[in-house]
Amino acid sequence: MSNSNGTAGASPAKPAAENAPAVNPSNFIKDIIAEDLKTGKHASIVTRFPPEPNGYLHIGHAKSICLNFGLAKEYGGRCHLRFDDTNPCKEDIEYIESIERDVRWLGFDWKENLYYASDYYDKLYEYAVALIKMDKAYVCELSGDEMREYRGTLTEGGKESPHRNRPVAESLDLFERMKKGEFEDGKLVLRAKIDMNSPNINMRDPIIYRIRHTAHHRTGDKWCIYPMYDFTHCVSDAIEKITHSICTLEFEDHRPLYDWFLDVLKTECHPRQIEFARLNLTYTVMSKRKLLELVDKKYVGGWDDPRMPTISGLRRRGYTPGAIRNFCEMIGVAKSNSTVDFAMLEYCLREDLNKRALRVMGVMKPLKLVITNYPDGAVEELDAQNNPEDESAGTRKIPFSKVLYIESDDFREDPPNKFFRLAPGREVRLKHAYYIKCESVIKDEKGDIVELRCTYDPATKGGWSDDGRKVQGTLHWISAAHAISCEVRLYDQLFTKTNPDETSAGDYKENLNAGSFTSLYPCYVEPGLKTAKPEDRFQFLRQGYFCADADSTPEKIVFNRTVTLVDTWAKLEKKMQVKK
RNA sequence: UGGGGAGUCGUCUAAUGGUAGGACAGCAGACUCUGGAUCUGUACGUGAGAGUUCGAUUCUUUCCUCCCCAGCCA
């Protein structure tokens, strides 16, 4: 593929950094921050994104990432990336690496502020000891079952543990021995001494340390006791001098405990926890447990399956970081549970891709078309615009010859009303090329159409006619002799229901969409796409946005359909069918 | 039935006592060498009642609905 401005035809869409958010609305968290800055409560802000490395990041995390990093950027503060790695049983280095990669890909930079809760294990231990010395924590020997029994219920208070009032020195000794590994998993725990009758169950003497003889991915065998989330999180925030600790709604009940620890410990810094509603999307499951199950039980190809709502899946599918960031701005931040229409995400995607994706032609379901009055063996190089939305994208040359492929869907022997494409006796334009007229249809013995015979008008070169003659349709095409054959993978929603959790048997997997993946081969694309690299994005004219997949080989390129173009004709046709 | 939250167009989200606005989706049209993009127009909403007020999405109150919490997960 030649190119008038020197860029390779198959170069990827431009980097996401060029794409500034289109909208920048306010929200209740910004209001709080603006107030804190105005009153002088804080001179600048510090936020954090605190993932547990026990799974891949998904679009819901992207909302939190955009929020936390976005706030820091907007108010000139900083945002930390902190791994909340307090449960070695579920965590893995693989997840740490994927999370770092995904946050970076989304366009955010934590600079030197990369932390791990496990970095604070020593301090956390000291704080726990301090709690015991203040008689605000004790070692408890109740079993798991007993603990549950003593906890009480939603409507009734709990009972105090028989160990609750053991001497401080005894708890100190026991805790020390827990640390030394003298007890088996589950034998003892360290508990905060708060109030077994609190209507808030989180305050009924919550566990702050448990025994786990499990190696940690970062601290190895150094510890066999690990701190719990509620204790770790607030202390980590305080250590890092976080000003606004933003989390999701389900932690609202934990806020009194967050505050209790920091108040009792009298930490210098006492961040304010603020909760917002997590993202839900139609046709999508977002829980880590379910996504992990889809991967583990091979309902999908992996965490980066292009149908997954994971960042890696979206990336592989062809989503751009800019589209995701704009989406996160567009949906806003509030406290009411909500489910965003997937169409909004697709809108952001198309908007972004439209501006930046190079236009090329590709035929999904090829139908052979012979131009009977075109000279045998002749080849013309025609000019084609790379992106009508971006003059600077330049033009390229595409080969034209006697035998072409067009899209099967672009021909109807018996065209319905309002079908503007090719049909017997009809004239249409081949994009960037000529007007052609269908003269005859060739079928095989089964009656299937195998070839079209057409004539072209040499006076319409480039796709224009000087005589004012209009054609209703414009078709994409590929010169058969120059076509690169490739595989195209089409995706649909992974689930058939807007809410996959709406089930009869209680299993969301019954709503899995059996038709969510389709592969087409051979498809034909322009010769310039031969060098396409994974994640290179294109618009296949009239069809949609596609990107090369990592499964591509030098012999066969694989394209993923990222998203279709808005298809007014398909909508119209569907409507006409419904009418019938 | 304990505690904590939330209810604004179909969906997401503004309006913080003064004209209920925007976006997506929908519908209709214009334009177009992509039935894309773009542009124009259009329909659609304050959970219910009572109260305060000249005036209530906003304040008070009663009710209704939905979500979260009884992991040694986060």
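Lettering of chains follows the sequences in order, A, B, ..., and the numbering in each one begins at 1. In this text, all values refer to a predicted model and were calculated from it rather than measured experimentally.
In RNA chain B, the stems built from three or more successive Watson-Crick or G-U pairs (distances below 3.5 Å) are B:2-7 with B:64-69, B:10-13 with B:21-24, B:26-30 with B:38-42, B:47-51 with B:59-63.
Taking atom P on both nucleotides, B/U60 is separated from B/C68 by 27 Å, rounded to a whole Å. On the C1' atoms, B/A70 is 15 Å away from B/U1, given to the nearest whole Å. Taking atom P in both B/A6 and B/U13, the straight-line distance is 13 Å, to the nearest Å. One P atom belongs to B/C9, the other to B/G71, and the distance between them is 36 Å to the nearest Å. Spacing of C1' atoms, B/C64 relative to B/G47, comes out at 7 Å, to the nearest Å. Nucleotides B/C67 and B/A28, compared at atom C1', are 39 Å apart to the nearest Å. For the P atom pair drawn from B/U38 and B/A25, the interatomic distance equals 10 Å after rounding to whole Å. B/U8 and B/A23 are spaced 15 Å apart, taking the C1' atom of each and rounding to whole Å.
Among the heavy atoms of the strands lying under 4.0 Å from A/E252 are primed sugar atoms or P, OP1, OP2 only; no base atom is included. Counting non-hydrogen atoms under 4.0 angstrom, A/K335 reaches the backbone sugars and phosphates but no base. Among the protein residues, A/E156 comes within range of no part of the nucleic acid, since none of its heavy atoms lies under 4.0 Å from any strand. Across all strands, A/V471 comes closer than 4.0 Å to no nucleic acid atom at all (heavy-atom distances). At a threshold of 4.0 angstrom between heavy atoms, the contacts of A/Y434 with the nucleic acid are absent. In this structure, A/T568 reaches the sugar-phosphate backbone alone: every heavy-atom distance under 4.0 Å involves primed, P, OP1 or OP2 atoms, never a base.
Remark: A/W464 engages no residue in a ring-ring contact (aromatic ring centres under 6.0 Å, His included) (not counting sequence neighbours). In terms of the ring-ring contact (aromatic ring centres under 6.0 Å, His included) criterion, residue partners of A/W303 (sequence neighbours excluded) are, by chain and number, A/Y56. Taking A/Y229 as the reference, A/D84, A/H233, A/F251 meet the side-chain contact (heavy atoms from CB on, under 4.5 Å) condition, with sequence neighbours excluded. Taking the ring-ring contact (aromatic ring centres under 6.0 Å, His included) definition, one finds that A/Y319 meets it with nothing, sequence neighbours left out. Considering only residues two or more places apart in sequence or on other chains, A/N499 meets the side-chain contact (heavy atoms from CB on, under 4.5 Å) condition with A/D501, A/E502. A/F83 pairs by the ring-ring contact (aromatic ring centres under 6.0 Å, His included) definition with A/Y116, not counting sequence neighbours. Listed by chain and number, the residues in a side-chain contact (heavy atoms from CB on, under 4.5 Å) with A/P88 are A/T214, A/H216, A/Y226 (sequence neighbours excluded).
For the residue pair A/D237/A/Y258, the side-chain donor-acceptor check at 3.5 Å is satisfied.
The side-chain heavy atoms of A/R191 and A/H163, taken from C-beta on, include no pair separated by under 4.5 Å.
Atom CD1 of A/I331 and atom P of B/A14 are 11 Å apart (whole Å). Atom-to-atom, CD of A/E389 to P of B/U38 comes out at 7 Å; the value is rounded to the nearest Å. Atom pair A/F28:CZ and B/A15:P shows a separation of 12 Å (rounding to whole Å applied). Taking atom CG on A/D567 and atom C1' on B/G36, their separation rounds to 9 Å, with Å as the unit. Separating the CG atom of A/N386 from the P atom of B/G36 is a distance of 21 Å, rounded to the nearest angstrom. Taking atom CG of A/L422 as the reference point, atom P of B/U34 lies 17 Å away to the nearest angstrom. For the pair A/K355 NZ and B/G36 C1', the interatomic distance rounds to 15 Å; values are reported in whole Å. Nucleotide B/U38 holds its P atom 11 Å from the CG atom of A/L565, rounded to whole Å.
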Could you pull out the protein-nucleic contacts involving nucleotides 26-31 of chain B (nitrogen or oxygen on both sides, under 3.5 Å)?
residue, atom, partner, partner atom, Å
B/G26, OP1, A/K571, NZ, 3.4

Nucleotide N/O of nucleotides 19-22 of chain B paired with protein N/O under 3.5 Å:
none

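Residues A/Y434 and A/P458 approach most closely at CE2-O, 3.7 Å, considering heavy atoms.
With ring centers used as reference points, A/F546 lies under 6.0 Å from A/F540. Taking the centre of each ring, A/W477 and A/F400 come in below the 6.0 Å mark.
Using bins of under 30°, 30° to 60° and over 60° for the plane-to-plane angle, the ring pair A/F175/A/Y125 lands in the parallel bin.
A heavy-atom distance below 4.0 Å to RNA chain B is reached by these residues of residues 337-347 of chain A, ordered by number: A/N337, A/S338, A/T339, A/V340, A/D341, A/A343, A/M344, A/Y347.
Note that the OG atom of A/S26 and the CD atom of A/E74 stand 8.0 Å from one another [nearest 0.5 Å]. Distance check, rounded to the nearest 0.5 Å: NZ of A/K431 to CE of A/M361 gives 8.5 Å. Interatomic distance, CD of A/E91 versus NE2 of A/H217, reported as 4.0 Å (0.5 Å rounding).
No donor-acceptor contact under 3.5 Å links the side chain of A/R350 to the base of B/G36. Residue side chain A/Q543 does not reach the base of B/U34 through any donor-acceptor N/O pair under 3.5 Å, judged by distance alone.
B/G71: glycosidic angle within 90° of 0, hence syn.
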side-chain hydrogen bond (donor to acceptor under 3.5 Å, both in side chains), that's the test. Do A/D467 and A/S465 meet it? Break it down for me. CA-CA 6 Å; A/D467 63 6; A/S465 174; 2.3 Å; yes
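Between A/S336 and B/C66, a side-chain N or O to OP1/OP2 separation shorter than 4.0 Å is absent.
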Let me have a per-nucleotide readout for nucleotides 68-74 of chain B, 5' to 3', with B, S or -, counting only protein heavy atoms under 4.0 Å. BBBSBSB
